[in-house]
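Take a look at the structure below.
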Amino acid sequence: MFDELGKKLRNLINTLISATTIDKNTVEAILRDLKITLLQSDVDLSLAEELIKNIRKKCLEEKIPAGLTLREHVLKTIYDELVKLLGEKPAGLIGKKKIMFVGLYGSGKTTSVAKLARYFQKQGLRTALVALDYHRPAAPEQLKQLGDQIKVPVYINQNKNPFEAALEGMKKFEKYDVIIFDTAGRNALDKELAEELKKLGEIIKPDEVLLTIPADLGKVAKKQSEEFHKLVGITGIFITKMDGTAKAGGALAACSATRAKVKFLGTGEHIEDFEVYDPQRFVSRLLGLGDLQTLLEKAKEVEMKPEKVEKIIEGKFTLQDFMEQIEAVQKMGPLGKITQLIPGLGMKLPEDLIEKQEEKIKHFKYIIQSMTKEERENPEIINASRIRRIARGSGRPESEVRELLQQYEQMKKLMKMLGGKAGLERGVLGKLMKQFGLKL
Ligand SMILES: Nc1nc2c(ncn2[C@@H]2O[C@H](COP(=O)(O)OP(=O)(O)OP(=O)(O)O)[C@@H](O)[C@H]2O)c(=O)[nH]1
Ligand SMILES: [Mg+2]
């Protein structure tokens with residue numbers, strides 16, 4: 001279901017990116033689709049309408065900010081509004097002493113309790129855990145084991161009474177900076193457990209109540225979130241299992257139902273698989289855009305000078321230019337990082353492939369450095385004996401020098417093909433990425 005949301009949102013964004021022209025009608029059509037998509041994903045009607053209204057106002061009624069096309073502006077506005085819904089960057093949980101976790105069976109509460117404890121511990125805060133799940137016999141022991149792993153004390157009530165546990169735990173850890181309570185896994189609709197949870201809330205009076213929502217949770221998310229919210233008042237969402245295949249659209253329904261914001265993400269089974277929620281990164285992931293903001297910024301940094309573009313269009317693309325391009329890509333950071341930022345790619349390339357590419361770039365640089373200025377300007381003059389000399393000078397095999405020359409030729413052709421106005425509009429980044437076999 002939530003994966004479905006991600007897919008639909010990405011389709012919508014693709015429509016926006018690939019439409020030949022963007023005018024009022026296209027924007028209206030996109031907003032209609034967006035509204036349907038949100039409603040189908042259990043975002044409540046008033047919230048969806050508010051979101052659409054804001055986007056329409058910013059895109060069609062207000063002046064477009066200088067330097068942005070309507071297309072970019074619409075994209076950015078949709079993105080900003082989703083960030084607003086899901087939450088801005090959280091201010092952390094500074095000063096929050098009593099934190100209670102609630103959530104469905106197996107949603108990842110206990111694991112997330114340990115992850116958060118580790119996070120606080122790293123900040124130098126004295127942290128303790130209290131087991132409140134006495135329904136599943138192995139639950140306190142599971143918490144204890146996790147606590148031992150990170151050397152954080154765990155209180156377990158020998159009478160297996162959750163209310164007593166809450167009171168005793170608070171007493172025992174009174175001097176601690178943070179106390180985290182791990183409640184039983186429950187279906188919020190189960191009366192008996194719901195009562196217990198409500199009472200625990202009243203006893204503990206937590207400063208923060210985090211609801212764990214697995215990223216791949218289905219349609220029930222909205223109803224469940226509402227029920228939990230009624231019982232204990234949710235103040236933040238901890239999305240777990242972000243490492244799964246789903247795209248975490250689940251957060252939308254949960255946020256919409258509780259009006260609470262996302263604060264943390266779990267990205268794996270281990271204690272260190274934890275992230276503080278970063279709205280830009282999260283929404284980009286949801287929209288399948290890669291890290292849009294960062295990508296736009298980085299793309300600006302490596303923008304080519306107009307003279308250079310002119311030259312390329314005229315077909316005067318030298319090895320010197322080739323090397324500058326390689327360097328420009330390198331400046332953007334490790335290739336692995338870049339590929340994660342690329343819209344549409346939105347996934348990691350295999351590590352070894354990235355390493356190989358980076359190695360190759362380094363070697364190409366050595367080879368180009370071993371050429372004379374003349375050779376760089378007019379690569380056609382590089383014959384067999386020159387190849388031999390360059391190979392010796394750079395300490396690379398002749399085959400690699402030939403490979404470089406071939407790649408250069410290919411890129412030159414590509415540049416010509418991509419030349420002209422359309423190519424320019426698509427921007428230099430696309431060309432660079434294509435050169436490295438990546439799709440934009
Ligand atoms: N892949 C992945 N697995 C996770 C993540 N968080 C938790 N899990 C796994 O999900 C399962 C359930 O986790 P628990 O922490 O026991 O969940 P719980 O909500 O405490 O479960 P109950 O107490 O039984 O309701 C375990 O196998 C965890 O290892 C995550 O972020 N990613
Ligand atoms: Mg548990």
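Just so you know, ligand 1 is whichever comes first in the structure, and atom 1 is the first atom listed for that ligand.
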Only heavy atoms of [X], strictly under 4.0 Å: list the atoms of ligand 1 that pass.
X	answer
D133	23 (O)
G266	31 (O)
Y105	25 (O)
L104	19 (O), 25 (O)
T267	31 (O)
T111	7 (C), 13 (O), 14 (P), 15 (O), 28 (C)

Can you tell me if T111 has an N, O or S atom under 2.8 Å away from the Mg ion (ligand 2)?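 So T111 does not bind the Mg ion (ligand 2) by this criterion.
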Should E141 and K144 be marked as a salt bridge (charged side-chain N to carboxylate O under 4.0 Å, His left out) after you check the CA-CA gap, both sets of side-chain angles, and the distance that decides it? CA-CA 5 Å; E141 186 50 32; K144 178 85 176 69; over 6 Å; no
Check whether K97 reaches the backbone of E174 with its side chain - one donor and one acceptor, N or O, closer than 3.5 Å.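 Between the backbone of E174 and the side chain of K97 there is a qualifying donor-acceptor contact (under 3.5 Å).
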How are the rings of F274 and Y119 set relative to one another: parallel (under 30°), tilted (30 to 60°) or perpendicular (over 60°)? tilted
Using the six-membered ring wherever Trp is involved, compare the ring planes of H363 and Y366 and label them parallel, tilted or perpendicular (cut-offs 30° and 60°). tilted
Flag this pair as yes if the NZ/CZ of K199 is under 6.0 angstrom from the six-membered ring centre of F163 and inside a 45 degree cone about the axis; otherwise no.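 Pair K199/F163 counts as cation-pi.
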Backbone, side chain, both or neither: what part of K115 comes under 4.0 angstrom of ligand 1, heavy atoms only? side chain
Has E62 got more than 12 heavy atoms of other residues, nucleotides or ligands less than 6.0 Å from its CD? yes
Counting heavy atoms only, which of K109, K241, M242, H270 is nearest atom 10 (O) of ligand 1? K241
Min N/O separation T183 to ligand 1 under 3.5 Å: no
Please determine if A184 has a nitrogen or oxygen closer than 3.5 Å to a nitrogen or oxygen of ligand 1.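 It does not: no N or O of A184 is found under 3.5 Å from an N or O of ligand 1.
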As a quick check of understanding, evaluate side-chain hydrogen bond (donor to acceptor under 3.5 Å, both in side chains) for T26 and D23, giving each step before the final call. CA-CA 5 Å; T26 358; D23 56 19; 2.6 Å; yes
Please determine whether salt bridge (charged side-chain N to carboxylate O under 4.0 Å, His left out) holds for the pair K223 and E226, giving the CA-CA distance in whole Å, both sets of side-chain angles, and the decisive distance to 0.1 Å. CA-CA 5 Å; K223 184 123 188 62; E226 277 169 359; 5.1 Å; no
What I'd like to find out is whether the side chain of E196 reaches to under 4.5 Å of the side chain of T183, using heavy atoms alone. no
Please state whether S107 comes within less than 4.0 angstrom of ligand 1, counting heavy atoms only. yes
Work out whether the distance between some heavy atom of G268 and some atom of ligand 1 is less than 4.0 Å.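 Contact check G268 vs ligand 1: positive.
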